[in-house]
4 protein chains.
Amino acid sequence: MKTPTKRDEILQAALELIAEHGFHGAPMAMIAEKAGVGAGTIYRYFETKDVLIRQLFEELKAKIMAALLAGHPTGKPARERFSHLWKVLFRYLVANPLHHRYMEQYHNSPYGVAQHRDRLLNKPDEQDPIRSLFEEGIEQQILKDLPIMVMFSLAFGPLFGLIQDQLNGFIEMDDALIEKTVGACWDGLKR
Amino acid sequence: MKTPTKRDEILQAALELIAEHGFHGAPMAMIAEKAGVGAGTIYRYFETKDVLIRQLFEELKAKIMAALLAGHPTGKPARERFSHLWKVLFRYLVANPLHHRYMEQYHNSPYGVAQHRDRLLNKPDEQDPIRSLFEEGIEQQILKDLPIMVMFSLAFGPLFGLIQDQLNGFIEMDDALIEKTVGACWDGLKR
Amino acid sequence: MKTPTKRDEILQAALELIAEHGFHGAPMAMIAEKAGVGAGTIYRYFETKDVLIRQLFEELKAKIMAALLAGHPTGKPARERFSHLWKVLFRYLVANPLHHRYMEQYHNSPYGVAQHRDRLLNKPDEQDPIRSLFEEGIEQQILKDLPIMVMFSLAFGPLFGLIQDQLNGFIEMDDALIEKTVGACWDGLKR
Amino acid sequence: MKTPTKRDEILQAALELIAEHGFHGAPMAMIAEKAGVGAGTIYRYFETKDVLIRQLFEELKAKIMAALLAGHPTGKPARERFSHLWKVLFRYLVANPLHHRYMEQYHNSPYGVAQHRDRLLNKPDEQDPIRSLFEEGIEQQILKDLPIMVMFSLAFGPLFGLIQDQLNGFIEMDDALIEKTVGACWDGLKR
DNA sequence: GATGAATGAGCGTTCATTCAT
DNA sequence: GATGAATGAACGCTCATTCAT
């Protein structure tokens with residue numbers, strides 16, 4: 001455990017304020033204050049507010065990807081890998097509600113115009129366990145033969161909606177319910 | 001066809017500008033100009049910009065609900081009703097991309113903090129064909145026995161993601177693909 | 001005598017502050033206050049501070065040109081026309097010291113990089129009594145055969161230096177001394 | 001040739017940046033970087049930016065004075081001494097355009113409010129070849145009997161304008177033209 | 001009712017200066 | 001002595017809102 005750098009403090013402050021109040025509800029001066037630095041200091045680490053917002057997005061994306069890859073049961077059956085991925089992502093976002101809210105705001109704003117939820121899980125230049133899972137499953141005729149994009153939405157579209165509901169207190173997904181829901185998503189995908 | 005009132009022109013101008021440029025990319029003066037009215041005139045119809053944004057949301061929500069109810073095959077089997085609802089909603093949002101983008105921005109912003117996508121389809125004080133469909137289906141043991149919220153997400157979560165992809169040009173959902181996708185969503189719901 | 005418009009008040013306030021304190025010693029807020037308007041009001045009349053500075057320059061230039069042309073003894077001998085022009089310009093700048101200081105600051109700044117003192121007196125697309133005077137005098141072999149640019153500097157270079165001195169209180173040019181000085185400049189020009 | 005000290009490097013960097021971009025286009029951090037020193041280091045040599053700007057002015061003034069005095073044909077006729085001074089100054093400024101641009105910016109800014117071009121050539125507490133030339137010439141009735149200030153402007157006012165024109169590429173003063181121009185200035189001075 | 005000129009608080013950003021290392 | 005990260009006051013500019021016409 002290293003002590004957080006000034007850059008980290010700024011990113012954390014920005015995350016908290018933007019997740020809660022939106023991009024224009026988080027003035028640079030407020031971010032600076034929350035981070036415990038001078039207003040000008042932010043600009044030593046981030047050229048503009050836009051750059052700060054974009055880099056924060058990249059950091060969060062990387063953390064989520066890392067969570068997805070950690071402990072991935074490579075080599076196990078498709079059904080098991082799917083279940084693992086789905087649950088890891090669900091639990092990550094429930095455990096990190098600010099990350100979720102930030103990502104959602106980012107995607108639905110001019111910043112994220114060219115980037116999309118699915119993109120997040122679909123960088124072809126990286127090892128992507130989700131894409132491989134789908135491609136493999138389709139080839140082996142375990143899964144329905146639908147475009148990858150449709151597969152993504154069938155698999156993870158329900159997840160994002162349920163995260164919202166859980167974070168907003170409309171539902172409490174316990175392990176049993178999560179398990180059932182993963183099963184239902186899989187039913188949508190499989191032949 | 002009635003000629004649009006000044007209020008309508010303002011709402012339409014706000015819709016176009018906000019859907020494209022976001023809330024803070026649409027100054028009141030710009031909305032006024034696009035609507036062909038004076039800047040001060042907006043305040044005769046909407047107390048503040050916040051109120052305008054909120055009322056526009058309500059109007060769009062009402063229009064979508066109206067579309068969902070129009071031509072609904074009451075009395076037909078659950079599977080058929082589901083398919084109808086899903087396709088009507090999909091086609092409505094593809095045909096009205098500004099509505100979709102506005103709703104998404106609204107939901108993922110401080111404005112929409114207390115309102116949610118599922119809420120949109122879940123006002124218990126209205127006749128709600130979706131809720132009845134799910135409740136009925138569960139009772140008749142056609143559908144999985146899951147909380148209504150989970151059912152909603154399983155059913156319509158994939159839809160919103162696919163709308164984004166379609167609007168962003170990443171996929172072209174033709175009638176056949178839509179049909180298959182509805183089928184896959186149904187597979188996720190049914191026992 | 002019409003009452004000055006808001007635009008005029010802003011230009012006048014800018015002239016006074018910039019002439020005395022320089023471009024960066026005259027914040028927009030200070031100009032606004034001196035002009036008796038709100039800070040934002042300036043931007044209804046001038047897109048940016050740069051535009052304000054440039055338009056003020058153009059206004060002053062036009063006023064000086066107008067003064068030069070008013071009462072010009074067209075048709076009179078070259079010597080007499082020269083004397084008239086020189087004295088009118090001298091007196092105008094002494095009477096309007098802010099104009100002088102503003103013009104000098106403008107010329108010696110990135111704003112005026114492409115514009116020059118001589119340019120001021122040398123717009124070939126306007127009727128230019130100075131240029132005609134020189135061209136005519138050279139042709140008639142009254143004046144030395146030197147490039148027009150050199151003629152300008154010989155004729156008016158001394159003037160600007162003397163204006164500075166007078167405004168700074170280092171010298172008091174009375175009518176007799178002005179007359180002698182014009183004569184000396186003419187001696188420099190003539191064959 | 002001694003290696004330049006840190007102080008010299010700072011002054012040189014300031015000269016280049018300010019001459020090209022103006023006082024407010026040359027932040028201390030940029031000057032430091034160009035000089036190859038730390039931002040704080042400048043403050044070991046110059047108390048504030050203002051002091052740096054003023055001391056740079058003094059250094060340049062001293063260099064110009066030195067150039068004027070070097071090789072001065074003391075004892076030769078007034079006409080020859082004048083010609084020498086004029087040409088030395090002209091060539092110095094053409095050869096050192098940054099010096100010229102810096103001096104001009106300085107004079108026409110709040111910094112130079114109390115200092116003036118003529119002052120540059122008129123420090124009574126130094127040996128001043130120009131002042132002596134004029135005083136002597138007037139006494140010997142070679143030159144017009146005008147105040148020294150007027151003599152200065154008649155003699156050197158044209159020079160500064162022509163330097164600008166030359167540096168801006170509007171004129172190319174070759175030796176012959178320089179000679180003629182010196183002659184014209186002399187014609188303005190002499191009886 | 002309708003207008004749009006006017007407002008000024010508040011924003012993102014810069015930069016002269018300081019000071020711990 | 002030298003550094004450069006950190007500071008925060010001050011800048012140019014925007015825009016939701018008001019109000020005299």
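Sequence lines set the chain letters: A, B, ... in the order given, protein chains first and strands last, and positions in each chain run from 1.
Ring to ring, C:Phe23 and C:Tyr111 are close: their centroids are under 6.0 angstrom apart. Taking the six-membered ring for Trp, C:His107 and C:Phe57 have ring centres closer than 6.0 Å. Side-chain rings of B:His100 and B:Tyr92 stay apart, their centers remaining 6.0 Å or farther from each other.
If you take CZ of B:Phe46 and C1' of E:dA2, they are 15 Å apart, rounded to a whole angstrom. Remark: P of E:dA16 and NZ of D:Lys49 are 4 Å apart, rounded to the nearest angstrom. Atom CE in C:Met28 sits about 7 Å away from atom P in F:dG12, given to the nearest Å. Taking atom CD of A:Glu9 as the reference point, atom P of F:dT7 lies 11 Å away to the nearest angstrom. Distance B:Tyr45 OH to E:dG1 C1': 8 Å, rounded to the nearest Å. Distance B:Leu17 CG to F:dC15 P: 12 Å, rounded to the nearest Å. Atom P of nucleotide E:dC15 and atom CD of D:Glu33 are separated by 13 Å, given to the nearest angstrom. Atoms CE (C:Met30) and C1' (E:dG8) sit 17 Å apart, rounded to a whole Å.
Each of A:Gly40 and C:Phe23 was assigned the nucleotide of DNA chain F with the nearest heavy atom; the assignment lying further toward the 5' end belongs to A:Gly40. Ranked by how close their nearest DNA chain E nucleotide is to the 5' end, D:Ala26 and C:Gly38 are led by C:Gly38. Of the two residues near DNA chain E, A:Ala39 and B:Gly36, the one whose nearest nucleotide lies more 5' is B:Gly36.
Remark: A:Arg101 does not engage A:Glu104 in a salt bridge, criterion side-chain N to carboxylate O under 4.0 Å.
Close to E:dA6, at under 4.0 Å from its OP1 or OP2, lies a side-chain N or O of C:Lys6.
With hydrogens and angles disregarded, no donor-acceptor distance shorter than 3.5 Å links the side chain of B:Gln105 to the backbone of A:Ser109. Checking side-chain atoms of B:Tyr102 against main-chain N and O of B:Ile53 turns up a donor-acceptor pair under 3.5 Å.
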ask   = Can you give the dot-bracket line for DNA chain F, using ( ) for pairs inside the strand, [ ] for pairs that cross earlier ones, | for pairs with another strand and . for unpaired bases, where Watson-Crick and G-U count if both distances are under 3.5 Å?
value = .||||||||||||||||||||
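With F:dT3, E:dA2, F:dG12 as the choices, the nucleotide that has an atom nearest any side-chain atom of C:Tyr43 turns out to be F:dG12. Relative to the side chain of B:Thr48, the nucleotides F:dT7, F:dT17, F:dA16 differ in distance, and F:dT17 lies closest.
The number of heavy-atom neighbours closer than 6.0 Å to CD of D:Glu33, taken from other residues, nucleotides and ligands shown, is 12 or below.
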